[in-house]
Asker: 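I have a structure here, written as structure tokens, and I will follow up with some questions on it.
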Amino acid sequence: MKTRILTIVALQLFLILNSCSSSDNESVNIVDKEEIQTDFIAENQGDFVITTDNLVYNVNIKSDRIYPYIEQIDAEGKTTVLKTLDFTFPKLVFSQSGELLLISPNKTNDSDKIFRFENNFQQLNPFYVMQAESSPFAKLARLGIICNANDGSYFVFDYTSNNIKRIIPELGTDVFIAGSGKEEIKDGDGLEAGFGGITKILFHKNIFYLIDNNYKSNGTSDGISYIRKLEFLNNKWTVTTLISTPGVNVYKDLAFDANNNLHVVVSEKGIYKLNLQNNDLSLYKDWSVKIRKDNRQYYTNFKTVTGLKFKGNVMYLATSDLLIKISDYQSKFDALGK
């Protein structure tokens, strides 16, 4: 009888222990209350754009290579390499019909072109070529940034002429918008306005928001950052500076959330919000956080963010090497009490 009781106790203990452990082929995903669950964590080395059906086109590069490649990331984080490029620092944008377009100021002899991926990403062909200047001494246009104006046209900043132009592919033409051609920060209309070096153009509710950098004034690689706006007023394109904090903030990216709040990525400081009523810049996030996707865990800091996009209640964060997708982001931030 005693032997039977001991056998039953041993069997019960075995069942309890077995129920608390996982098999060799099954990973245990323990949720930490101090971490954020993400939709995906992918590698990133440059620009990225998001389709209407939540596919991401991302610029990445292998550690042993010079040139980047374009990859597609699905909603769950599965990546597919589409095409390797033969130039650096590409900037991406979608056409009105959803085609992926590309420019690069570093593409030798082709910096004046917008390219389009064709034949299932097997080919990269010119979509539009900037009109040549009439002067025999004119240099090739060097497109540094591009923005879809949602009307079949694109606004670009040309580093060669140091001005903003509007490209209308359907008409086969591009037209001058603003810029004196001088490397200077100056508000005004059309030719009166001056730019340093624009690194971001964001279109929202008929206004173009710009990150402009005056590299000339202090000689640093970052320069002095300005957030400015370009809008069509009284039949003229007008440039107005909203904010600048010389020696304090370097602006890296701009993004509007679903509530029309303008977020500003400030280098090495975090994400801020810009109040467009009084141009006041207030801190949104600057803390360190633990992030997880399944059994992969990382520590990241909002001060390391370099790129930001919103799509509904989803936030996409780019750091120097990661692209992070967080759905229902505000609820997750609120749950951490930060």
Asker: Would one find more than 12 heavy atoms of other residues, nucleotides or ligands at under 6.0 Å from atom CD of E268?
Answerer: no
Asker: Compare all side-chain heavy atoms of K273 with those of N275 and state whether any distance is below 4.5 angstrom.
Answerer: no
Asker: For the SG atom of C147 and the CD1 atom of I167, what is their distance to the nearest 0.5 Å?
Answerer: 11.5 Å
Asker: A side-chain contact here means heavy atoms from C-beta on lying under 4.5 Å apart; do L92 and I70 qualify?
Answerer: yes
Asker: Can E76 and K78 be counted as an ion pair, charged N to O under 4.0 angstrom?
Answerer: no
Asker: Verify, without hydrogens or angle tests, whether S104 (side chain) and T88 (backbone) share a donor-acceptor contact under 3.5 angstrom.
Answerer: yes
Asker: Is there a continuous path of hydrophobic side-chain contacts, each under 4.5 Å between heavy atoms, that joins Y251 to L242?
Answerer: yes
Asker: Which atom pair, heavy atoms only, marks the closest approach of P169 to F127?
Answerer: CG-CE2, 3.7 Å
Asker: State, yes or no, whether a side-chain contact exists between D286 and Y272 at a heavy-atom distance under 4.5 Å.
Answerer: no
Asker: Identify the heavy atoms of Q131 and G172 that sit nearest to each other, and give their distance.
Answerer: NE2-O, 3.5 Å
Asker: Short question: side chain of R292, backbone of D294 - any donor-acceptor pair under 3.5 Å?
Answerer: yes
Asker: Answer with yes or no whether the side chains of S331 and D334 bring together a donor and an acceptor at under 3.5 Å.
Answerer: no
Asker: State, to 0.1 Å, how close P68 and V59 come at their nearest heavy-atom pair, and which atoms those are.
Answerer: CB-CG1, 3.8 Å
Asker: To the nearest 0.5 angstrom, please state how far the CG atom of N125 sits from the CD atom of E118.
Answerer: 4.5 Å
Asker: Checking ring pair (Phe, Tyr, Trp, His ring centres under 6.0 Å) between F310 and each of Y316, Y329, F256, which is the one that passes?
Answerer: Y329
Asker: Out of curiosity, N162 CG to F195 CZ, how far, rounded to the nearest 0.5 Å?
Answerer: 8.5 Å
Asker: Between R228 and D212, does any NZ, NE, NH1 or NH2 come within less than 4.0 Å of an OD or OE carboxylate oxygen?
Answerer: yes
Asker: Salt bridge (charged side-chain N to carboxylate O under 4.0 Å, His left out) between K165 and D174: does it pass, once the steps are laid out?
Answerer: CA-CA 7 Å; K165 295 175 180 175; D174 52 84; 5.0 Å; no
Asker: Taking the side chain from R116 and the backbone from P126, do they hold a donor-acceptor pair closer than 3.5 Å?
Answerer: no
Asker: Hey, is D86 close enough to K107 for a salt bridge, meaning N to O under 4.0 Å?
Answerer: yes
Asker: Parallel, tilted or perpendicular, judged at 30° and 60°: which one describes the rings of Y159 and F157?
Answerer: perpendicular
Asker: With a 4.5 Å heavy-atom cut-off, do Q297 and K290 have their side chains touching?
Answerer: yes
Asker: For a 4.5 angstrom cut-off between non-hydrogen side-chain atoms, does Y209 reach F203?
Answerer: no
Asker: Say whether T80 and E71, considering side chains only, have a donor N or O and an acceptor N or O under 3.5 Å apart.
Answerer: no
Asker: Charged N to carboxylate O under 4.0 angstrom, D187 versus K229?
Answerer: no
Asker: If only atom types and distance count, is the side chain of T306 paired as donor or acceptor with the main-chain N or O of A318 below 3.5 Å?
Answerer: yes
Asker: Using 30° and 60° as the class limits, which term best fits the ring planes of W287 and F302: parallel, tilted or perpendicular?
Answerer: perpendicular
Asker: Given side chains that start at C-beta, do those of L323 and V56 come closer than 4.5 Å, heavy atoms only?
Answerer: yes
Asker: Is it the case that atom OH in Y284 sees more than 12 heavy atoms from other parts of the structure closer than 6.0 Å?
Answerer: yes
Asker: Walk me through whether D253 and K200 qualify under salt bridge (charged side-chain N to carboxylate O under 4.0 Å, His left out).
Answerer: CA-CA 7 Å; D253 204 3; K200 179 72 177 187; 3.1 Å; yes
Asker: Using 30° and 60° as the class boundaries, would you call the ring planes of F94 and Y57 parallel, tilted or perpendicular?
Answerer: perpendicular
Asker: For a side-chain hydrogen bond (donor to acceptor under 3.5 Å, both in side chains) check, start with the C-alpha distance between S282 and D280, then their side-chain angles and the critical distance, and finish with the verdict.
Answerer: CA-CA 6 Å; S282 59; D280 178 59; 4.8 Å; no
Asker: Do M315 and F333 have side chains that approach each other closer than 4.5 Å (heavy atoms only, starting at C-beta)?
Answerer: yes
Asker: Please determine whether the number of non-hydrogen atoms from other residues, nucleotides or ligands lying under 6.0 Å from atom CD1 of I66 exceeds 12.
Answerer: no
Asker: Quick one: which residue pairs count as a salt bridge (charged side-chain N to carboxylate O under 4.0 Å, His left out) with a foot in residues 41-70, not counting sequence neighbours?
Answerer: none
Asker: Would you check if the side chain of N301 reaches a backbone N or O of T304 as a donor-acceptor pair within less than 3.5 Å?
Answerer: no
Asker: Taking ILVMFWY side chains as joined if any heavy atoms are under 4.5 angstrom apart, and letting links pass through other members, which residues group with V81?
Answerer: Y69
Asker: Is it true that Q96 and N148 share a donor-acceptor pair across their side chains at a distance under 3.5 Å?
Answerer: yes
Asker: Drop me the distance from L262's CG to H204's NE2, to the nearest 0.5 angstrom.
Answerer: 8.0 Å
Asker: Could you work out the complete set of other residues in the hydrophobic cluster of F176, with links drawn between I, L, V, M, F, W and Y side chains under 4.5 Å apart?
Answerer: L191
Asker: Is there side-chain contact between S244 and I227, with heavy atoms separated by less than 4.5 Å?
Answerer: no
Asker: Is there a path of hydrophobic side-chain contacts, each under 4.5 Å between heavy atoms of I, L, V, M, F, W or Y residues, that connects F89 with F117?
Answerer: no
Asker: Tell me yes or no: between the side chains of S153 and R166, is some donor less than 3.5 Å from an acceptor?
Answerer: yes
Asker: Is a side-chain N or O of N213 found less than 3.5 angstrom from the main chain of G197, in a donor-acceptor match?
Answerer: yes
Asker: Please find the pair of heavy atoms, one from A255 and one from K309, that lie closest to each other, and give the distance.
Answerer: CB-CA, 4.3 Å
Asker: For L322, is there any backbone N or O sitting under 3.5 Å from a side-chain donor or acceptor partner on T319?
Answerer: yes
Asker: Say whether N106 and T108, considering side chains only, have a donor N or O and an acceptor N or O under 3.5 Å apart.
Answerer: no
Asker: Would you say D158's side chain and R142's backbone share a donor-acceptor pair under 3.5 angstrom?
Answerer: yes
Asker: Working to the nearest 0.5 angstrom, can you tell me the gap between K83 NZ and Q72 CD?
Answerer: 15.5 Å
Asker: To the nearest 0.5 angstrom, please state how far the OG1 atom of T300 sits from the CD1 atom of I291.
Answerer: 5.5 Å
